[in-house]
Asker: 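Let me give you the structure first, and then I'll get to my questions.
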Amino acid sequence: MAKYNVVITDYEYASLQIEEDILKQLDVEFIKAQCRTEEEVIRAAEHADGILNQYAPITRKVIESLKNCKVISRYGVGVNTIDLDAATEKGIVVSNCTDYCLDEVADHALSLLLTSARKVSLLDRYVKAGVWEYKKAVPIYRLRDRVLGLVGFGKIPQNLCLKAQALGLKVVAYDPFMSEELAAEYNVEPVDLDTLCQMSDYISVHAPLMKSTEGLIGEGEFSRMKPEAVIINTSRGPVIDEKALIHALQTSQIAGAALDVLEQEPIAGDNPLLGMEQVILSPHAAWYSEESEQELKRKVAQNIVDVLSGRYPAYLANPAVKRAVTLGEKL
């Protein structure tokens, strides 16, 4: 009988070989599940020592049912699938991976910005329909000296900032936790959210999803934006009030949107965004490259090994748990 049980609640990967190889550092039984509901997670993970999680809900009800769990490791940067407070109260370490796709998400956001700015997708559709006419994309504006507003200024928007500045964009940022020193280091103008909405030609959203950021960009924010503004989202769908976004696009309050994430994923077939030629959509793919996927899988599995071996993981999403759990520091 194995010393530890590790359960993966759900996954969309073709192979879990990387995780299995990492977990072989310990005497582990690796149990694979495809859970969608609280009840399914409880049944699969009730006796788990460690949990790997992708999208399945790890709610307070789930956490209170866990009998042996010491660590929950989530695939990705965000931990919005997990009730952090409940886990911390129960002394369960929550870990994630904050640095596996910095270039990928920044590059994807920049790609969406450039595609929107040059209206590449729109022109492509017209050419393939037999229409050879640049005027179908009027107006297009020069990118240099336009303003990019970053909502959030963590590692990914910092990465994007440098790439955007190389193209001649001026960058402003809204982040309540951004220091003056960090803003100066990146030559970014710190502004409040209202000012960002008023100044920006392109707005790229990078705020994590939590109670304080759900619906952060809503009716009021759209009303302050320029009519030629384009909003880009590669963070989490619910950070933008989608109903307000659709209204802003339908009434030409803003010129366009480029979205990798949505409130409901996959997108519903009757979502008005699907019929808008000023909207670019991708299927929550900004994080992906072959390299980033492999890095993510290695690191989230290693988080499990670290905690079960008596060490804090390299990526600790609930540092307050240190008040309840004493582990060694990772070397």
Asker: Taking everything shown except Glu228 itself, do over 12 heavy atoms lie less than 6.0 Å from its CD?
Answerer: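 Above 12, so yes.
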
Asker: Looking at Asn5, is its backbone amide N or carbonyl O close enough to the side chain of Asp49 to form a donor-acceptor pair, meaning the two atoms are under 3.5 Å apart?
Answerer: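 Judged by distance alone, yes, a pair lies under 3.5 Å.
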
Asker: Short question: side chain of Gln34, backbone of Tyr11 - any donor-acceptor pair under 3.5 Å?
Answerer: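 Here the side-chain-to-backbone pair exists.
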
Asker: If we check side chain to side chain contact (heavy atoms under 4.5 Å, CB included) with His284, which of these qualifies: Leu259, Asp260, Ile267?
Answerer: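 Checked Leu259, Asp260, Ile267 against His284; only one passes side chain to side chain contact (heavy atoms under 4.5 Å, CB included): Asp260.
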
Asker: Angle class for the Trp287/Tyr100 ring planes (parallel below 30°, perpendicular above 60°, tilted otherwise)?
Answerer: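 Ring orientation, 0 to 90° scale: tilted.
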
Asker: Would the distance check show the side chain of Asn53 and the main-chain N or O of Ala56 forming a donor-acceptor pair, the cut-off being under 3.5 Å?
Answerer: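 Judged by distance alone, yes, a pair lies under 3.5 Å.
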
Asker: Name the one of Glu295, Gln294, Lys299, Glu293 that satisfies side chain to side chain contact (heavy atoms under 4.5 Å, CB included) with Lys297?
Answerer: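 With Lys297 as partner, side chain to side chain contact (heavy atoms under 4.5 Å, CB included) holds for just one option, Glu293.
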
Asker: Strictly distance-based, threshold 3.5 Å: is any side-chain N or O of Lys70 a donor or acceptor partner for the main-chain N or O of Val93?
Answerer: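 No.
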
Asker: Say whether, by atom type as modelled, one donor and one acceptor occur between the side chain of Lys136 and the main chain of Tyr126 under 3.5 angstrom.
Answerer: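 Between the backbone of Tyr126 and the side chain of Lys136 there is no qualifying donor-acceptor contact (under 3.5 Å).
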
Asker: Under a 4.5 Å cut-off applied to non-hydrogen side-chain atoms, are Leu26 and Ile304 in contact?
Answerer: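 Leu26 does not reach Ile304 side chain to side chain.
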
Asker: Is there a continuous path of hydrophobic side-chain contacts, each under 4.5 Å between heavy atoms, that joins Tyr202 to Leu114?
Answerer: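 Yes; Leu114 is reachable from Tyr202 via cluster members.
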
Asker: Determine yes or no for a side-chain-to-main-chain donor-acceptor pair under 3.5 angstrom, with Gln54 supplying the side chain and Glu12 the backbone.
Answerer: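 The answer is yes, because a donor-acceptor pair under 3.5 Å joins these two groups.
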
Asker: In this structure, which one of Val261, Thr81, Leu216, Asn80 forms a side chain to side chain contact (heavy atoms under 4.5 Å, CB included) with Leu209?
Answerer: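 Only one of Val261, Thr81, Leu216, Asn80 forms a side chain to side chain contact (heavy atoms under 4.5 Å, CB included) with Leu209, namely Asn80.
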
Asker: How long is the span from the CD1 atom in Ile232 to the CG atom in Leu148, to the nearest 0.5 Å?
Answerer: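 Going from the CD1 atom of Ile232 to the CG atom of Leu148 covers 7.0 Å.
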
Asker: Counting only heavy atoms from other residues, nucleotides and ligands, does the tally under 6.0 Å from CZ of Arg118 exceed 12?
Answerer: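 No, CZ of Arg118 has 12 or fewer neighbouring heavy atoms, counting only those of other groups under 6.0 Å.
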
Asker: Taking Pro313's backbone N and O only, do any of them form a donor-acceptor pair with Asn303's side chain (distance below 3.5 Å, no angle check)?
Answerer: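 No; judged by distance alone, with no hydrogens or angles, the pair does not exist.
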
Asker: How long is the span from the CG atom in Leu84 to the CD1 atom in Ile92, to the nearest 0.5 Å?
Answerer: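 It is 11.5 Å, given to the nearest 0.5 Å.
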
Asker: Distance from Gln198 atom CD to Ser223 atom OG, nearest 0.5 Å?
Answerer: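 The OG atom of Ser223 is 9.0 Å from CD of Gln198, to the nearest 0.5 Å.
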
Asker: Sub-3.5 Å donor-acceptor pair from the side chain of Glu221 to the main-chain atoms of Gly218, do we have one?
Answerer: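 Yes; at least one donor-acceptor contact below 3.5 Å.
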
